[in-house]
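Notes follow the structure.
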Amino acid sequence: MLPGPPSKYAIALFAGFQALDVFGPLDALNILSLSTPLELYMLSTTLDPVSTIPSPGPSAGVIGQSIVLSHTYEDAPKDIEVLLVPGGRGTRGLEPTQPVVDFIKAAFPNLRYLLTVCTGSSLAARSGVLDGKNATSNKLAFDWVMTQGPNVKWVRHARWVRDGNIWTASGISAGIDMIYEFMAEQYGEDVAAQIAKASEYVRNTDSTNDPFSKAS
């Protein structure tokens, strides 16, 4: 008997993650959890709050927000079903994000689904799990992201791409369209449509409708 829709989600965080990459999909999941019980794990290298500002810190006047963690990568639950990996300026730091890359590689065989948003796909690419797979990323950073995964079949003109149990979204707001499509598949189109309506969000339901690919 096939398992039902996933209920155990985790988000892999690092200094300099993009806020909307996380909170766009997360807000939709928050609403979903009002009718469908979910579990959420927030992961990073330590339990210290993680900032949207990359280390070692910004110049005066740059603002950011921090997020509270529930687990480290070392003690992350073993029953994670869906792992979401955001992008952001912090992905450019190869050494600081290596723990994220290592965790993706170790966790992937036991995941039901891997979701990335924006340059989060560069971290998945570095882990090797995207090798031979179709994937996309932020269009303004696309050329750089491709260097992080030379064996990935990068799709430049896509709002999001699904290849098997891996979903990758284009830049930032594309993660919202991707999570709604994911929710429609897993929990039903009626559920996704109701949550989008409650959020007053106009969905892009065509994964190939990507006007921002011309900007790259």
Side-chain angles (χ1 to χ4, degrees), residues 6 9-14 16-29 43 80-92 94 97-98 100-186 192 203-216:
Y9 287 77
I11 300 179
L13 293 166
F14 49 89
F17 72 91
Q18 186 75 32
L20 194 62
D21 289 7
V22 172
F23 292 109
L26 191 54
D27 193 67
L29 291 172
L43 315 175
I80 296 169
E81 295 178 279
V82 183
L83 178 65
L84 187 144
V85 182
R89 289 177 294 158
T91 58
R92 306 307 200 280
L94 302 187
T97 56
Q98 190 58 44
V100 189
V101 173
D102 294 340
F103 180 75
I104 295 170
K105 183 176 181 179
F108 182 73
N110 297 316
L111 297 176
R112 290 178 63 183
Y113 300 98
L114 173 65
L115 280 55
T116 73
V117 182
C118 192
T119 54
S121 57
S122 73
L123 303 178
R126 285 167 52 195
S127 77
V129 303
L130 295 186
D131 284 355
K133 301 285 188 179
N134 295 301
T136 195
S137 193
N138 184 303
K139 298 309 181 293
L140 293 178
F142 206 85
D143 290 342
W144 173 78
V145 171
M146 287 195 300
T147 68
Q148 304 304 300
N151 296 319
V152 179
K153 298 176 182 178
W154 294 107
V155 182
R156 190 179 294 266
H157 194 92
R159 186 67 171 162
W160 73 87
V161 169
R162 179 189 178 183
D163 194 326
N165 66 337
I166 299 176
W167 297 61
T168 55
S170 184
I172 311 178
S173 64
I176 304 174
D177 289 325
M178 180 185 72
I179 199 68
Y180 276 119
E181 188 67 19
F182 180 78
M183 288 167 56
E185 179 184 282
Q186 298 298 318
R203 293 165 58 193
N204 178 353
T205 58
D206 181 357
S207 66
T208 66
N209 181 6
D210 179 28
F212 299 98
S213 63
K214 299 177 181 178
S216 61

Of all pairs that satisfy salt bridge (charged side-chain N to carboxylate O under 4.0 Å, His left out), the ones with a partner from residues 109-124, not counting sequence neighbours: E81-R112
Pairs meeting criterion salt bridge (charged side-chain N to carboxylate O under 4.0 Å, His left out) with involvement of residues 173-182, two or more places apart: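 Checked against salt bridge (charged side-chain N to carboxylate O under 4.0 Å, His left out) - neighbours excluded - the pairs reaching residues 173-182 are R159-D177, E181-R203.
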Passing candidate, side chain to side chain contact (heavy atoms under 4.5 Å, CB included) with V145, options L123, N138, T119: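 So the option named by the test is T119.
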Which atom names give the shortest non-hydrogen contact between [X] and [Y], and what distance separates them?
{"X": "P86", "Y": "F17", "value": "CG-CB, 4.1 Å"}
{"X": "L114", "Y": "A124", "value": "CD2-CB, 4.2 Å"}
{"X": "A158", "Y": "S170", "value": "O-CB, 3.6 Å"}

Gap between atom CG of L43 and atom CD1 of I11 - 0.5 Å precision: 8.5 Å
Pairwise distance CG(L84) to CG(L29) - rounded to 0.5 angstrom: 8.0 Å
Side-chain H-bond candidate by donor/acceptor type, S121 with T116, under 3.5 Å: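 Checked: S121/T116 side chains show no N/O donor-acceptor pair below 3.5 Å.
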Exam field: side chain S137 to backbone C118, donor-acceptor pair closer than 3.5 Å: yes
Heavy-atom donor-acceptor pair, S207 side chain to V161 backbone, under 3.5 Å: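 It does not hold such a pair.
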Do [X] and [Y] have side-chain heavy atoms sitting under 4.5 Å apart?
{"X": "L83", "Y": "I104", "answer": "yes"}
{"X": "T147", "Y": "W144", "answer": "yes"}
{"X": "Y180", "Y": "T205", "answer": "no"}
{"X": "F103", "Y": "S127", "answer": "no"}
{"X": "N110", "Y": "I80", "answer": "no"}

Partners meeting side-chain contact (heavy atoms from CB on, under 4.5 Å) with A135 (sequence neighbours left out):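 Only L130, V152, W154, T168 meet the side-chain contact (heavy atoms from CB on, under 4.5 Å) criterion with A135.
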Holding to side chain to side chain donor-acceptor pair (under 3.5 Å), I want the full list of residues that pass it with [X], two or more places apart in sequence or in another chain.
{"X": "R126", "result": "T97, Q98"}
{"X": "D206", "result": "T208"}
{"X": "N209", "result": "none"}
{"X": "T136", "result": "K139"}

Please output the side-chain donor-acceptor pairs of residues 18-28 that fall under 3.5 Å, not counting sequence neighbours, one pair per line with the distance.
unit_1 : atom_1 : unit_2 : atom_2 : d
D21    : OD2    : G87    : N      : 2.8

Partners passing ring-ring contact (aromatic ring centres under 6.0 Å, His included) against F182 (at least two apart in sequence or in another chain):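 Applying ring-ring contact (aromatic ring centres under 6.0 Å, His included) to F182 gives Y113, W167.
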